[in-house]
Amino acid sequence: MSGLIIRRYVQFGVDRLIASVPAFLVLVLGLHFVLRMPHGGGRLPLTYVTLTVFILVLIADNWFIEVWVPYRWLGGTPGMRCLGLRVITEHGEDPPLRTYTIRWLMVVVDGYFFGLVGALAIAFSARNQRFGDMVARTLVVRRG
């Protein structure tokens, strides 16, 4: 298995960790307040609000890490930057915001079975692309 593939697996984990920390802080703080409330009618609605905010923050954090940061910060997520990787188009150019958005939306497919579908696509595609890269026509390469 090539070093690039291993770097992409590690990068995915690093980025998920960074994106999930704020959302889990919201969840823990929200549930803390729910559990401190006296038993009654206000607990259930506040629990739903907490879970809704948790999901929205998780989605927003993932969009920020996967789309906005690479678009504004030289083609890579924080995990990619730490591991010396970046995203380019198949023509070797910096991708536009739309391309990063397509890659991010395709995580729905790549993320099946806890990311196994994307990992297998990277491992067995000729250019080590996950499905999001194939659809967006991008490559993840070593920063050079």
Side-chain angles (χ1 to χ4, degrees), residues 1-37 42-144:
M1 194 179 289
S2 81
L4 180 64
I5 296 171
I6 293 170
R7 285 176 189 226
R8 288 202 64 185
Y9 295 155
V10 173
Q11 167 262 315
F12 179 79
V14 168
D15 290 336
R16 292 297 66 73
L17 181 64
I18 292 170
S20 63
V21 167
F24 279 103
L25 286 175
V26 166
L27 182 64
V28 168
L29 289 173
L31 291 178
H32 172 74
F33 287 116
V34 167
L35 294 174
R36 294 189 58 143
M37 289 181 69
R43 284 180 110 174
L44 189 58
L46 187 56
T47 301
Y48 288 140
V49 168
T50 299
L51 294 174
T52 301
V53 172
F54 165 73
I55 290 168
L56 292 174
V57 170
L58 192 60
I59 291 169
D61 288 347
N62 275 287
W63 179 86
F64 183 76
I65 296 294
E66 293 290 332
V67 177
W68 189 250
V69 170
Y71 176 68
R72 299 296 290 173
W73 197 30
L74 300 174
T77 65
M80 286 180 179
R81 300 226 2 137
C82 289
L83 295 163
L85 301 173
R86 68 173 298 195
V87 178
I88 60 170
T89 66
E90 290 178 340
H91 302 291
E93 302 165 348
D94 290 332
L97 185 62
R98 177 177 166 236
T99 301
Y100 285 114
T101 302
I102 291 168
R103 290 180 83 246
W104 177 66
L105 291 172
M106 286 299 295
V107 167
V108 172
V109 174
D110 292 319
Y112 283 143
F113 302 112
F114 303 100
L116 183 60
V117 170
L120 290 173
I122 292 168
F124 292 108
S125 67
R127 296 189 287 180
N128 302 119
Q129 294 172 292
R130 64 181 179 87
F131 291 112
D133 292 320
M134 293 175 200
V135 172
R137 298 178 187 220
T138 57
L139 301 168
V140 176
V141 297
R142 285 194 172 102
R143 191 171 291 281

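- For Ala123 against Tyr9, the heavy-atom pair with the smallest separation is CB-OH, 3.8 Å.
- With respect to Val67, the side-chain contact (heavy atoms from CB on, under 4.5 Å) criterion is satisfied by exactly one of Leu105, Ile102, Leu97: Leu97.
- Taking 4.5 Å as the limit, some side-chain heavy atom of Asp61 sits within range of a side-chain heavy atom of Pro22.
- When all heavy atoms are compared, the tightest approach of Val140 to Arg103 is CG2-NH2, 3.6 Å.
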Using side chain to side chain contact (heavy atoms under 4.5 Å, CB included), reason through Glu66 and Val107 one step at a time and then give a plain yes or no. CA-CA 10 Å; Glu66 293 290 332; Val107 167; 5.5 Å; no

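- Atom CG of residue Leu139 and atom CE of residue Met134 lie 10.5 Å apart, to the nearest 0.5 angstrom.
- The heavy-atom pair separating Ala23 from Phe54 by the smallest distance is O-CD1, 3.0 Å.
- When the side chain to side chain donor-acceptor pair (under 3.5 Å) test is applied to Asp15, the partners found at least two apart in sequence or on another chain are Gln11, Thr77.
- For Glu93, there are no side chain to side chain donor-acceptor pair (under 3.5 Å) partners, not counting sequence neighbours.
- With a 6.0 Å cutoff to the six-membered ring centre and a 45° limit on the axis angle, Arg16 counts as a cation-pi contact of Phe12.
- Atom CZ of Arg7 is separated from atom CE of Met80 by 12.5 Å, given to the nearest 0.5 angstrom.
- Considering only heavy atoms from C-beta on, Leu46 comes within 4.5 Å of Met37 through its side chain.
- Of all the heavy atoms in Thr50 and Val26, the pair that sits closest is CG2-O, 4.2 Å.
- Contact record, Ala19 with Asn62: CB-OD1, 3.7 Å, taken as the closest heavy-atom pair.
- Taking CD of Gln129 as the reference point, atom CZ of Arg137 lies at 10.5 Å (rounded to 0.5 Å).
- Within the 4.5 Å cutoff, the side chain of Pro78 has no heavy atoms near those of the Val14 side chain.
- Taking the six-membered ring for Trp and thresholds of 30 and 60 degrees, Trp68 and Trp63 have nearly parallel ring planes, at less than 30 degrees apart.
- For Asp110, the side-chain contact (heavy atoms from CB on, under 4.5 Å) partners are Met106, Arg130, Phe131, not counting sequence neighbours.
- Atom CG of residue Leu56 and atom CG of residue Leu51 lie 11.0 Å apart, to the nearest 0.5 angstrom.
- The CZ atom of Arg8 sits 7.5 Å away from atom CG of Asn128, with the distance rounded to the nearest 0.5 Å.
- Distance alone, capped at 3.5 Å, is enough to place a donor-acceptor pair between the Arg143 side chain and the Leu85 backbone.
- Going from atom CG of Asp133 over to atom CD of Glu90 covers 9.0 Å, rounded to the nearest 0.5 Å.
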